[in-house]
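For ligands, and for the atoms within them, numbers begin at 1 and follow the listed sequence.
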Amino acid sequence: MAEELKLATGIDKTEIYKSLLPQLEALVSGEPDLTANLANLAAALREAFGWWWVGFYLVKQDNLVLGPFQGPIACTRIARGKGVCGTVWAERKSLLVPDVNSFSGHIACSSSSVSEIVVPIFEKQQQVMGVLDVDSERYDVLDETDMLYLEKISRLITKLL
Ligand code: SME
């Protein structure tokens with residue numbers, strides 16, 4: 001495992017993701033512990049993009065429970081169908097929310113977070129086992145490119161299970 005990330009410089013996020021993805025694969029390969037891998041993935045994503053909050057919620061019985069993350073403290077439990085995360089769990093597809101004020105039922109863990117992307121993470125049997133949640137304190141940061149690459153990272157996690 002490399003000791004530090006080597007990231008493409010500049011403002012083209014596709015280039016940053018392209019340089020990041022193989023490093024994320026190397027970071028988690030050979031490590032069977034899910035918590036350790038999710039913790040490193042959250043740290044690597046925060047380091048690469050400087051988002052306000054990035055982390056995981058994991059399905060435990062009837063709730064999503066807070067998992068490894070980087071950023072301010074957050075809500076610990078989210079019911080299925082509630083908020084952006086619980087909606088992604090119920091509907092099994094990613095959501096890009098450019099303005100959280102326009103998402104009815106959004107759960108505000110922090111009033112600084114104004115936009116967000118949540119992508120589902122599937123078990124090999126296609127059940128949702130958790131979500132990857134990215135929050136920004138800016139309106140113009142998160143877009144379809146992030147969703148595309150965050151879904152690739154979600155598939156990387158499924159491969160590890
Ligand atoms: N905003 C999320 C809750 C999680 S926090 O933002 C970290 C939601 O509505 O599901």
Asks: Are any of the N/O atoms in I107 less than 3.5 Å from those in ligand 1?
Replies: yes
Asks: Below the 3.5 angstrom mark, is there an N/O of H106, backbone or side chain, next to an N/O of ligand 1?
Replies: yes
Asks: Within a radius of less than 6.0 Å around CZ of R77, do more than 12 heavy atoms belonging to other residues, nucleotides or ligands occur?
Replies: no
Asks: Which atoms from ligand 1 have a heavy atom of C85 less than 4.0 Å away?
Replies: 8 (C), 10 (O)
Asks: Where does T87 meet ligand 1, judged by heavy-atom distances below 4.0 Å: at the side chain, the backbone, both, or neither?
Replies: neither
Asks: Is it the side chain (CB and beyond), the backbone, both or neither of W53 that lies under 4.0 Å from ligand 1, heavy atoms counted?
Replies: side chain
Asks: Among protein heavy atoms, which lies nearest atom 2 (C) of ligand 1, and at what distance?
Replies: E116 OE2, 3.3 Å
Asks: Does I107 form a side-chain contact (heavy atoms from CB on, under 4.5 Å) with I78? I'd like the steps, not just the answer.
Replies: CA-CA 9 Å; I107 299 165; I78 299 173; 3.7 Å; yes
Asks: Select the closest option to atom 5 (S) of ligand 1 among C109, A108, G105, judged by heavy-atom distance.
Replies: C109
Asks: Indicate, as side chain, backbone, both or neither, the part of D133 found under 4.0 angstrom from ligand 1 when only non-hydrogen atoms are considered.
Replies: side chain
Asks: Do S113 side-chain atoms and S110 backbone N/O form a donor-acceptor pair below 3.5 Å?
Replies: no
Asks: Give a yes-or-no answer on whether the side chains of S94 and E151 include a donor-acceptor pair shorter than 3.5 Å.
Replies: yes
Asks: At a 4.0 Å threshold, what atoms of ligand 1 neighbour a non-hydrogen atom of V84?
Replies: 8 (C), 9 (O), 10 (O)
Asks: Does any N or O atom in D135 lie less than 3.5 angstrom from one in ligand 1, N or O only?
Replies: yes
Asks: Are any side-chain N or O atoms of D146 and backbone N or O atoms of I117, one a donor and one an acceptor, separated by less than 3.5 Å?
Replies: no
Asks: Does atom NZ (K13) have a neighbourhood of more than 12 heavy atoms from anything else shown, all under 6.0 Å?
Replies: yes
Asks: Using a 4.0 Å cutoff against the non-hydrogen atoms of G83, which atoms of ligand 1 qualify?
Replies: 9 (O), 10 (O)
Asks: Show your reasoning for whether side-chain contact (heavy atoms from CB on, under 4.5 Å) applies to K18 and Y149.
Replies: CA-CA 9 Å; K18 282 183 176 169; Y149 282 93; 3.7 Å; yes
Asks: Measuring from non-hydrogen atoms of F69 to any atom of ligand 1, is the shortest distance under 4.0 Å?
Replies: no
Asks: Calculate, to the nearest 0.5 Å, the distance between atoms CG and CG belonging to D135 and L142 respectively.
Replies: 8.0 Å
